[in-house]
Amino acid sequence: MAWLSDLFTLHSVAQTVLIYSLVIALGIVLGHIRLYGISLGITWILFVGIAFSYFGLTVNEEIGEFLRDFGLILFVYAIGLQVGPGFFASLNRNAIANNLLAGGVVVLGVVVTIIFYLVTENHIGIMAGLMSGAVTNTPGLGAARTALADLNVADVDPTMVTLAYAVAYPFGVFGIILSLLVLKGLFNIDINREERFHQRLASIRVNKIVSVTLRLENPQLIGEPLRSLNSLLASPVIVSRMWHENHIITPSGSTLFSADDVLLIVTPRHQLKTLKLLIGDVSDLNLKEVSQSEVVDRLIVVTRPDVTHQRIGEIPELRNADFNISRLMRAGVEIIPNAGTFLQLGDTVRVVGTREGIDQITKTLGNSPRHLDVPNLAPIFLGIVLGVIIGSLPITIPGIPAPVKIGLAAGPLIIAMLLSRFGGRVYLSNYTTHSANLMIRELGITLFLASIGLASGHNLARAFAGGRGVIWMFMGAFITVIPLLTVGYLSKKYFRKSYFELAGLLAGASTDPPALAFAVKMTGSDIPSTTYATVYPFAMILRIVSAQLIILFFI
């Protein structure tokens, strides 16, 4: 049986595969264990890796370093592809306030961390790991370790940074949930009353895209081309159908208004009053159900890559009077397209027109979702190349002795977000299905957690020597709850955020899925998920960058 012992203890490719597989499998199994409905999830992989290393089951150091960094790159790149479109789409006036509040949570956490650094003898690298664990942000830990490596910092053991993260992480998960419960009690929140408030709010929401049927009553528009309508409005609209000269048509921009026209208009809700003043009153004629109508509508998925490289107005096949693209759904966001809009793979468009016109646009756009099931790996790896180059680019900052780099966490994340939103314009489509993205992301994070766990366990006793680990726990708890309670109180008291919004905002600012799951279950509403998705990308970027910056400025 000596061969079996050697297989697990002597460093080799086979031994590395065995150890990593065991650590990841056991960690995932333990991640299903719940305490009061809460689980640490795949972070158990880190703790299992620490335990293996503590008892002498380690892997080749160079292989471990490669798998650690490559796993981190895969993880953050997949996150960037996922959140990029939603992040750019969420940059509107309402979302900015939520993102600023989420940014406040991050900044306060940094401030509390720096205060602890100044009043204790802990290395700033240790504090960066402690901060990342306290806010349950694994990419932040990766960014901190990368910054220490880039600066060639020799006075702190990177494994101690990981252990500081591991010590603070468990309360980080529970601390976010505890903060939500404290704020609920502090403001005497009644869940049913909050639900009724949001139902009333939804009925008057101004940014929702709606359709309205209006009769032309303004004589000054008669004889004017339909395209002149948008020149009179702050936000563009789509006239998807039109009762014109006693029959229904799908109008083009050159269609001339005539008396008694009836228009079915797709518009942001806030513009309804302006449209009624400009065109006329609401008509009882239902253009969707008129018996003479030969106009139909259809949802079409964009699956042809060649149509994503041009604006809608530049595609000859889409310049047709027999149909109109009335709405576009992308990354869960509904927008009104115009001639300058770039389509992206995976977009779903609602098209209104004749059957012949819709058949034509269906052929042009593809509408073959099965073609999207096979990920295009070449642009993904090219994006990773760009991300590594950007992350490794030395940047000279006055006052810092050595050039700094944004690192292997921030570089690929930024490139992935940019390419997910704008890649189609430069023939780099990084579209992946949700399942493919999830597989890449989970593979990356499991490799990263297993790697840093296996490299850190041998220092576990050292981390708790002299009560140091217990002190780290208390500092981590303060880093967790002080920013959440402060910003939560201000958000509710002075920014008039509802508790449902507040729960999603704080979970998103902490980039913590378990906290979101708890908030959704507690409120019985999807509203926390919406706010979480709005602030998550910005908070993730800030978490990664801040973990690096505090090291760069205090080394």
Side-chain angles (χ1 to χ4, degrees), residues 16-17 19-32 39-50 52-53 59 63-84 129 132-146 158 161-163 165-166 168-170 172-173 375 380 383-384 387-388 391 407-414 416-417 432 434-456 507-508 510-517 532 536-537 539-541 543-544 547:
T16 301
V17 173
I19 296 298
Y20 267 83
S21 298
L22 277 174
V23 169
I24 293 172
L26 287 175
I28 291 174
V29 170
L30 292 173
H32 292 133
S39 168
L40 296 182
I42 61 171
T43 309
W44 268 108
I45 295 172
L46 170 64
F47 299 124
V48 173
I50 290 173
F52 271 50
S53 176
V59 298
I63 295 178
E65 289 178 355
F66 164 73
L67 292 174
R68 179 196 69 205
D69 291 343
F70 187 60
L72 177 64
I73 290 170
L74 288 178
F75 177 62
V76 297
Y77 195 83
I79 286 178
L81 292 180
Q82 177 193 22
V83 305
S132 297
V135 298
T136 68
N137 189 265
T138 306
L141 170 64
R145 288 179 57 114
T146 300
V161 177
T162 300
L163 291 173
Y165 167 91
Y169 191 98
V173 175
I380 291 176
I384 289 176
V388 171
L408 296 181
L413 175 69
I414 293 171
M417 291 182 65
T432 59
H434 176 72
S435 57
N437 182 283
L438 185 62
M439 176 61 75
I440 295 173
R441 191 169 74 239
E442 292 300 295
L443 177 64
I445 191 62
T446 53
L447 288 175
F448 175 77
L449 289 173
S451 298
I452 61 176
L454 288 169
S456 305
S510 302
T511 63
D512 188 67
L516 173 63
Y532 178 95
Y536 177 90
M540 176 63 77
I541 295 171
R543 293 290 186 196
I544 293 173

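What you see is a predicted model; the values in this text were computed from it and never measured.
Looking at heavy atoms from C-beta onward, Leu74 lies in side-chain contact with Phe70 at the 4.5 angstrom threshold. Ile384 has its side chain out of reach of Pro412: every pair of non-hydrogen atoms, C-beta onward, lies at least 4.5 Å apart. When side chains are defined from C-beta on, Leu67 counts as touching Thr16, because their heavy atoms get closer than 4.5 Å.
Residues passing the ring-ring contact (aromatic ring centres under 6.0 Å, His included) test with Tyr20, sequence neighbours excluded: none. Residues forming a side chain to side chain contact (heavy atoms under 4.5 Å, CB included) with Leu26 (at least two apart in sequence, or on another chain): Val48, Phe52.
Of the possible donor and acceptor atoms, one in the side chain of Arg145 sits under 3.5 Å from a partner among the backbone N and O of Pro158.
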Problem set entry | Criterion side-chain hydrogen bond (donor to acceptor under 3.5 Å, both in side chains) on Arg543 and Ser132, from CA distance to verdict | CA-CA 8 Å; Arg543 293 290 186 196; Ser132 297; over 6 Å; no

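Taking all atoms of both residues into account, the shortest heavy-atom contact from Ala168 to Ala134 is CB-N, 3.7 Å. Of all heavy-atom pairs between Ala450 and Ile24, the closest is CB-CG1, 4.1 Å. For the pair Ala547 and Gly140, the tightest heavy-atom approach, listed with the atom from each and the gap, is CB-O, 3.3 Å.
Atom CG of Leu454 is separated from atom CD1 of Ile19 by 7.5 Å, given to the nearest 0.5 angstrom. Atom CG of residue Leu72 and atom CG of residue Leu141 lie 8.5 Å apart, to the nearest 0.5 angstrom. The distance from atom CG of Leu163 to atom CD1 of Ile50, rounded to the nearest 0.5 Å, is 5.0 Å.
The aromatic rings of Phe47 and Trp44 stand perpendicular to each other, their planes meeting at an angle above 60°, with 30° marking the opposite boundary.
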Donor-acceptor list for residues 442-449 side chains, cut-off 3.5 Å, not counting sequence neighbours:
{"unit_1": "Thr446", "atom_1": "OG1", "unit_2": "Glu442", "atom_2": "O", "d": "2.8"}
{"unit_1": "Thr446", "atom_1": "OG1", "unit_2": "Leu443", "atom_2": "O", "d": "2.9"}

